[in-house]
> 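Here it is: the structure, laid out below.
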Amino acid sequence: GLVLVTAFCGALYGVLAQRAFRREHPLTVVAYSMLIGTILLFPFAIGEGLVAELGRLNASLTGLVLFLAVPGGALAFGLWTWALARLFPTQVAVYINVNPVVAAILGVWLLSERATPVFLLSFAAVMAGVALVNWPLAERARLPTATGTPASVGTPGPDRASRRRAEQERGTNGAPH
């Protein structure tokens with residue numbers, strides 16, 4: 001059940017973020033998203049004993065928490081939103097499957113864990129999925145349009161909006177001459 005809720009929330013964020021990118025910079029969207037998430041999770045953290053646990057943090061644990069928060073949270077979420085501003089949500093969503101693969105690769109590399117045949121098969125399946133989702137868009141980019149120029153591939157965020165504004169200012173509205 002929780003996996004479905006997570007998938008739904010991720011899809012909802014993808015759709016709502018696309019709308020927000022028309023008005024706000026992607027970093028602003030990330031900042032508000034993280035602030036709202038923190039506010040919503042804070043009562044649960046208090047209920048789980050956050051205040052009592054804060055007194056038990058030493059320098060090592062504080063470093064680990066900051067490591068999880070900055071590169072593991074803010075940076076990762078910022079990069080995700082940066083990609084979402086430049087690509088279609090379906091292109092970005094497929095990369096969530098790469099996360100456990102990267103974690104497994106880091107486990108092999110940093111912790112000397114074994115790369116089992118199941119791991120290698122899983123890695124190949126995830127990479128094939130990413131390639132399949134993005135393959136048709138790459139093909140469309142090479143196909144000529146009615147004007148004879150290659151089709152534009154997927155920047156629904158600020159770049160496409162900027163092109164539309166420029167076309168409106170020129171009065172062309174994208175119509176061929």
Side-chain angles (χ1 to χ4, degrees), residues 1-45 64-107 109 119 122-145 149-170 172-174:
L2 190 55
V3 171
L4 290 177
V5 171
T6 302
F8 173 77
C9 289
L12 181 64
Y13 177 79
V15 170
L16 294 177
Q18 289 293 326
R19 291 182 184 169
F21 295 147
R22 294 182 195 131
R23 296 181 310 274
E24 302 291 339
H25 190 275
L27 288 178
T28 304
V29 174
V30 169
Y32 279 122
S33 298
M34 294 195 81
L35 178 64
I36 291 168
T38 300
I39 291 168
L40 292 174
L41 289 174
F42 193 69
F44 296 102
L64 291 172
V65 168
L66 288 174
F67 175 76
L68 286 173
V70 177
L75 182 63
F77 198 50
L79 289 172
W80 176 267
T81 303
W82 176 84
L84 199 54
R86 286 156 179 77
L87 302 170
F88 291 108
T90 51
Q91 287 177 285
V92 178
V94 73
Y95 285 95
I96 198 69
N97 298 311
V98 176
N99 188 20
V101 172
V102 170
I105 289 170
L106 289 174
W109 182 43
F119 165 77
S122 301
F123 175 79
V126 169
M127 292 299 120
V130 170
L132 286 173
V133 166
N134 288 292
W135 188 276
L137 290 173
E139 288 299 315
R140 271 187 272 158
R142 287 189 275 268
L143 297 176
T145 63
T149 58
S152 174
V153 176
T155 54
D159 296 333
R160 183 176 285 175
S162 298
R163 283 194 303 267
R164 280 192 206 125
R165 279 193 299 274
E167 289 170 353
Q168 287 171 350
E169 288 171 4
R170 288 192 310 264
T172 62
N173 291 328

> Okay, side chain of Gln18, backbone of Leu84: is any donor-acceptor separation there less than 3.5 Å?
yes

> Run the ring-centre check on Tyr13 versus Phe77 and record whether the distance is less than 6.0 Å.
yes

> So, does Arg86 use its side chain to make a donor-acceptor pair with the main chain of Trp82 at under 3.5 Å?
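Checking the backbone N and O of Trp82 against the side chain of Arg86, a donor-acceptor pair under 3.5 Å is found.
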
> What's the spacing between Leu41 CG and Ile36 CD1 if we round to 0.5 Å?
12.0 Å

> If you count every heavy atom of other residues, nucleotides or ligands that lies below 6.0 Å from Phe119 atom CZ, does the total exceed 12?
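Yes, because the 6.0 Å sphere around CZ of Phe119 holds more than 12 heavy atoms from other groups.
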
> Is it true that a side-chain atom of Thr38 and a backbone atom of Met34 form a donor plus acceptor pair closer than 3.5 Å?
yes

> Are side-chain heavy atoms of Leu68 and Leu64 found at a separation under 4.5 Å?
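With C-beta onward as the side chain, the pair stays apart.
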
> Taking all heavy atoms of Ala20 and all of Val29, pick out the closest pair and write down the distance.
CB-CG2, 3.8 Å

> Using every non-hydrogen atom in the two residues, find where Leu66 and Pro71 come nearest and quote the distance to one decimal.
O-CD, 3.9 Å

